[in-house]
Amino acid sequence: TTTPDAGNPFNGYEIYLSPYYADEVAAAAAQITDSTLKAKALKVASIPTFIWFDVIAKTPTLGTYLADASAKQKAEGKKYIVQIVVYDLPDRDCAALASNGEFSIANGGVANYKKYIDQLVAEIKKYPDVRVVAVIEPDSLANLVTNLSVAKCSGAASAYKECTTYAMQQLNSVGVYMYLDAGHAGWLGWPANIDPAAKLFADLYKAAGSPKFVRGLATNVANYNALNAASPDPITQSNPNYDESHYINSLGPKLSSQGFPAKFIVDQGRSGVQNIRNEWGDWCNVNGAGFGLRPTLNTGNSAIDAIVWIKPGGECDGTSDTSAVRYDAHCGAASAKKPAPEAGTWFQAYFVDLVRNANPAL
Ligand SMILES: O=[N+]([O-])c1ccc(O[C@@H]2O[C@H](CO)[C@@H](O[C@@H]3O[C@H](CO)[C@@H](O[C@@H]4O[C@H](CO)[C@@H](O)[C@H](O)[C@H]4O)[C@H](O)[C@H]3O)[C@H](O)[C@H]2O)cc1
Ligand SMILES: [Mg+2]
């Protein structure tokens, strides 16, 4: 298909459950002895999350998921969406250390990234009957708004833009509905950041040719902010955009007025508990977090297509081992649960906390 459906791409679709995450959750639940907690944990396996393609070696698995979803469509007479995260930029996560990726700009990273995108496109091309929704590159453009003072980020700026543009255009050619990562209320929502952010997103979108399948932006990926906070968390200080709704309602018009009619999806996977951070910059394995609002299209906001779980709760944000190559001090912060394993690997104790603290309760 060359033209997107009008309206919400999630409408009328079931969400494909990630077998990868379901396996992680089953293994985690098996380690829980308390029967009540175990039962709650098992429920998480049936909550849809996004599948992260954080290394090029994982690209063939997209084909297996799409084949599975295609078979389920035929067997069940339903339409499925496979939710993925594109996350393999060269010099990835340029302002932090915990999630550094496999590709570096200095070592052919841009060419390697394009190969990574080409491999995802090749898999998607095989299954035109399955809908794909993609979050594009968490923590990339956001870092170009606030962290050009970080050498690694200023050095990566043109590569990030080139790669993101390539991703948009190539995925557009196979009808992938895309949401570009837009940080969160505590990152780009500050009055000092939101206008430069809107300009960056709109400029990139237009420079890419306003790809029809770029639906909008994803916010709060791997963060802990409320969609609708009962009252502002003290860490939000003077920021009028103290939750994701305020951020989205402020950002949306700034984008549409610049020719980017963006809609939003918002991560609530670890937002069940508020007022658990000492400062808003705390992003690593924050202690006290709980699974949040369940994925739904009943968002209460016409600008928001869906509440989703993008960061799979239980997968670590970063190691607390101070001797590790990818050790980031944020993962050693007072707010960070320790001991924590490498980013992306399973953090059992943290998963148990997310289950116990879930709000709404599991
Ligand atoms: O009082 N005021 O008026 C005022 C005005 C402006 C202020 O400055 C703002 O302060 C904000 C809060 O510290 C900063 O936001 C933090 O920026 C970090 C990147 O630098 C983000 O870290 C990423 O988080 C991702 C997961 O979300 C990780 O996956 C990723 O690895 C990790 O790198 C944090 O989330 C995010 O909360 C802003 O930049 C900064 O501009 C402050 C006060
Ligand atoms: Mg991260």
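Remember, it's 1-based here, ligands and their atoms both numbered in the order they're listed.
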* Heavy atom of Ser99 under 4.0 Å from ligand 1? ->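 No, that is not the case, since the closest heavy atom of the residue is not under 4.0 Å from the ligand.
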
Numbering as shown, the atoms of ligand 1 that approach [X] to under 4.0 Å (heavy-atom distance):
| X | result |
| --- | --- |
| Thr146 | 39 (O), 41 (O) |
| Ser238 | 1 (O), 3 (O) |
| Trp280 | 37 (O) |
| Asn223 | 26 (C), 27 (O), 35 (O) |
| Asn147 | 19 (C), 20 (O) |
| His184 | 27 (O), 34 (C), 35 (O), 36 (C), 37 (O) |
| Ala96 | 31 (O), 33 (O) |
| Asp139 | 25 (C), 28 (C), 29 (O), 30 (C), 31 (O) |

* To do: Output, in order, the C-alpha distance, side-chain angles, deciding distance and verdict of ring-ring contact (aromatic ring centres under 6.0 Å, His included) for Tyr20 and Trp52.
  => CA-CA 10 Å; Tyr20 184 91; Trp52 289 58; over 10 Å; no

Assess whether a salt bridge exists between [X] and [Y], defined as any Lys/Arg side-chain N lying under 4.0 Å from an Asp/Glu carboxylate O.
| X | Y | value |
| --- | --- | --- |
| Arg356 | Asp353 | yes |
| Asp233 | Arg277 | no |
| Arg270 | Asp317 | yes |

* Can you say whether the rings of Tyr177 and Phe213 are parallel (under 30°), tilted (30 to 60°) or perpendicular (over 60°)? ->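 Tyr177 and Phe213: perpendicular rings.
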
* To do: Mind telling me whether Trp190 and Trp280 have parallel, tilted or perpendicular rings, with 30° and 60° as the class edges?
  =>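 Trp280 and Trp190: perpendicular rings.
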
* Any N or O on Gly186 sitting closer than 3.5 Å to an N or O of ligand 1? -> yes

* Does any N or O atom in Asn143 lie less than 3.5 angstrom from one in ligand 1, N or O only? ->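 Between Asn143 and ligand 1 (N or O atoms, distance only) the closest approach is not under 3.5 Å.
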
Side chain, backbone, both or neither: [X] near ligand 1, heavy atoms under 4.0 Å:
| X | value |
| --- | --- |
| Asn193 | side chain |
| Ala98 | neither |
| Glu279 | neither |
| Trp187 | both |

Using only atom types and a distance under 3.5 Å, with no angle test, would you say the side chain of [X] pairs donor to acceptor with the backbone of [Y]?
| X | Y | answer |
| --- | --- | --- |
| Glu244 | Ala185 | yes |
| Lys40 | Leu362 | yes |
| Tyr21 | Val44 | no |

* Option set Tyr87, Trp283, Tyr224, Trp190, criterion heavy-atom distance to atom 6 (C) of ligand 1, minimum ->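 Heavy atom nearest to atom 6 (C) of ligand 1 belongs to Trp190.
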
* **Test: Lys114 cationic atom under 6.0 Å from Tyr166 six-membered ring centre, within 45° of axis** =>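 The answer is yes; both the distance and angle limits are met.
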
